[in-house]
Amino acid sequence: MEIANPAFRPDPALSRDEMEALQREIAATATFADDHDLAVEAVTIDDPADLTEGLPPADPTAGAPEDSHAPVSDAPPVGGPAVDAPVVVGVDQAFLTEEDPTRAVSAAVAIRAGTVIEYATATTTPSIPYVPGLLAFREGKPICAALDALDADPDLLVCDGSGRVHYREAGLATHVGVCFDVPSVGVAKRLLCGEPDEPVDGRPAGWRTPIRADDAVETAAGDDDAGDTGADDTGGGGFAPVIGHAVQSRQYPESRRINPLYVSPGHRVSAETTVDLVEALCAGYKLPEPTRLADAAADAAKRDDGKAEDA
DNA sequence: GCGACAG
DNA sequence: ATCTTGTCGC
């Protein structure tokens with residue numbers, strides 16, 4: 001796929017102030033409201049992928065209306081949409097530490113109708129360390145490289161990390177979503193900032209609660225949210241804006257407890273729709289399928305071509 | 001100074 | 001993110 005806003009590409013060479021300035025620009029450009037054609041039912045994945053025997057094979061024709069009849073070859077439909085099911089792309093990274101230079105492997109996995117249709121990976125050498133709030137500048141470049149190598153063009157990106165739940169409302173998912181101008185959501189295993197409406201411990205599967213901006217979050221002035229009730233900036237009795245949700249995607253009946261997922265809008269998706277989409281993409285595991293597959297793909301690539309080329 | 005901090 | 005064995009429980 002091709003990048004839409006090259007100027008927003010996360011450049012690790014920028015100074016910290018420049019990085020933060022770019023993030024404010026990203027946040028101002030981002031849309032935290034629904035601007036897509038995604039139907040929750042259309043992206044729902046019922047059966048989890050079996051990762052015990054390696055990565056599921058990619059089937060480029062999966063999901064195409066004619067894939068149950070036509071051979072794998074020529075005659076791509078002319079003039080009309082080749083497929084109808086939306087393409088969801090999961091992105092994740094794995095690192096090879098203890099190597100001369102630490103290497104990072106980024107993987108992008110495209111899924112359509114619950115089946116993997118394409119894998120793309122990129123191996124790079126991180127130039128800056130991880131800094132809370134600046135993750136996109138460490139991982140964004142490799143992720144963009146993997147997405148550049150992807151033939152399919154996504155209807156939705158699922159990133160590992162936050163989106164709007166970020167100090168400047170410009171987390172990794174938002175940054176990547178704006179760069180490619182593709183609807184995106186962020187799925188994090190831990191909360192960076194913001195405050196849950198209710199305590200999150202020991203909740204049953206299906207439970208969710210809003211995450212609202214707190215003192216650590218610079219709320220954008222021009223808030224384009226559609227679902228906000230009342231004022232949130234005029235020092236008054238308004239509620240802080242909802243920037244994401246904590247959602248219990250999986251839980252054990254008893255014994256040990258699983259922590260919730262922290263999901264937030266990346267770009268062109270509302271906070272409410274983000275939770276619905278992520279829940280629909282979960283098929284029994286804590287993490288959504290696109291993320292599980294991207295994680296497995298990155299690990300596989302780390303073992304194989306991890307020692308090979310650089311991008 | 002203290003606490004908090006995606007991957 | 002990564003380094004790692006066993007272990008508790010359905």
Side-chain angles (χ1 to χ4, degrees), chain A residues 10 12 16 19-20 23 26-27 90-108 121-144 146 157-177 184-196 200 202 204-205 211 213-218 243-247 250-267 274 278 284-288 291-292 294-303 306:
Chain A
R16 178 168 186 139
M19 290 179 178
E20 297 187 351
Q23 291 185 325
I26 292 287
V91 183
D92 192 27
Q93 291 209 109
F95 292 80
L96 299 90
T97 61
E98 303 284 320
E99 297 304 312
D100 301 37
T102 288
R103 314 296 301 274
V105 179
S106 295
T121 61
T123 301
T124 58
T125 301
S127 50
I128 61 172
Y130 163 69
V131 176
L134 299 179
L135 181 65
F137 293 92
R138 172 174 166 78
E139 305 193 345
K141 172 71 170 59
I143 287 174
C144 288
L157 287 178
V158 180
C159 302
D160 57 312
S162 294
R164 192 181 180 183
V165 168
H166 179 272
Y167 305 129
R168 291 164 290 281
E169 298 190 313
L172 181 65
T174 300
H175 204 130
V176 176
S184 66
V185 298
V187 178
K189 292 179 282 301
R190 300 180 58 165
L191 188 61
L192 175 63
C193 57
E195 188 68 31
V200 305
I211 301 293
D214 61 7
D215 297 338
V217 181
E218 286 180 23
I243 57 177
H245 286 82
V247 54
R250 182 185 188 184
Q251 188 56 282
Y252 296 135
E254 51 186 277
S255 77
R256 197 170 169 179
R257 61 176 46 175
I258 295 178
N259 294 324
L261 241 34
Y262 297 95
V263 306
S264 59
H267 180 45
T274 294
V278 173
Y285 287 89
K286 171 176 178 174
L287 296 174
T291 303
R292 285 185 67 226
D295 190 75
D299 274 323
K302 177 172 66 173
R303 300 198 329 276

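Throughout, a chain's letter reflects where its sequence line sits, starting with A, and its residues are numbered from 1. It should be emphasised that the depicted structure is a prediction, and the values quoted were computed from it without experimental measurement.
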Distance (rounded to the nearest 0.5 Å) between A/T121 OG1 and A/D92 CG:
12.5 Å
To the closest 0.5 Å, what do you measure between OH (A/Y167) and CG (A/D215)?
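If I round to the nearest 0.5 Å, the distance is 12.5 Å.
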Under the salt bridge (charged side-chain N to carboxylate O under 4.0 Å, His left out) test, residues paired with [X] that sit two or more places apart:
X      : value
A/R138 : none
A/R250 : none
A/D299 : A/K302
A/E99  : none

Smallest separation among heavy atoms of A/G244 and A/V165, with atom names
CA-CG2, 4.1 Å
Closest heavy-atom pair and its distance - A/L261, A/P288
CD2-CD, 4.1 Å
Pairs under 3.5 Å (N/O, protein and nucleotides 5-8 of chain C):
none

Dot-bracket summary - DNA chain B, pairs being Watson-Crick or G-U whose distances fall under 3.5 Å, with | when paired to another strand
.......
Tell me: [atom1] of [X] to [atom2] of [N], nearest whole Å?
X      : N     : atom1 : atom2 : answer
A/E99  : C/dA1 : CD    : C1'   : 15 Å
A/D295 : C/dT2 : CG    : C1'   : 12 Å
A/E98  : C/dT2 : CD    : P     : 13 Å
A/R257 : C/dG9 : CZ    : C1'   : 16 Å
A/Q251 : C/dG9 : CD    : C1'   : 14 Å

Encoded 5' to 3' (Watson-Crick or G-U under 3.5 Å; [ ] crossing; | other strand), DNA chain C becomes ..........
Hits for side-chain contact (heavy atoms from CB on, under 4.5 Å) against A/A298, two or more places apart or cross-chain, chain-then-number order -> A/A94, A/A107
Who are the side-chain contact (heavy atoms from CB on, under 4.5 Å) partners of A/P10, not counting sequence neighbours?
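For A/P10, the residues satisfying side-chain contact (heavy atoms from CB on, under 4.5 Å) (neighbours in sequence not counted) are A/F137, A/C144, A/H175, A/C179.
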Is it true that a side-chain atom of A/Q251 and a backbone atom of A/I258 form a donor plus acceptor pair closer than 3.5 Å?
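Checking the backbone N and O of A/I258 against the side chain of A/Q251, a donor-acceptor pair under 3.5 Å is found.
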Distance under 4.0 Å to a non-hydrogen atom of chain A counts as contact; along DNA chain B, which nucleotides mark the start and end?
B/dC5 to B/dG7
What does [X] touch in the nucleic acid at a heavy-atom separation under 4.0 angstrom: a base, only the sugar-phosphate, or nothing?
X      : result
A/Y262 : nothing
A/I143 : nothing
A/A94  : sugar-phosphate
A/Y130 : base
A/G186 : nothing

The criterion is side-chain hydrogen bond (donor to acceptor under 3.5 Å, both in side chains); which residues satisfy it with A/E20, sequence neighbours excluded?
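Partners of A/E20 by the side-chain hydrogen bond (donor to acceptor under 3.5 Å, both in side chains) criterion, ordered by chain and then number, come out as A/R16.
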Would you mind writing out the side-chain donor-acceptor pairs for residues 185-196 of chain A within the sub-3.5 Å range, not counting sequence neighbours?
none

Please tell me if A/K302 has a side-chain N or O lying less than 4.0 Å from either OP1 or OP2 of C/dA1.
no
Walk me through it: do A/I243 and A/S264 pass the test side-chain contact (heavy atoms from CB on, under 4.5 Å)?
CA-CA 6 Å; A/I243 57 177; A/S264 59; 5.9 Å; no
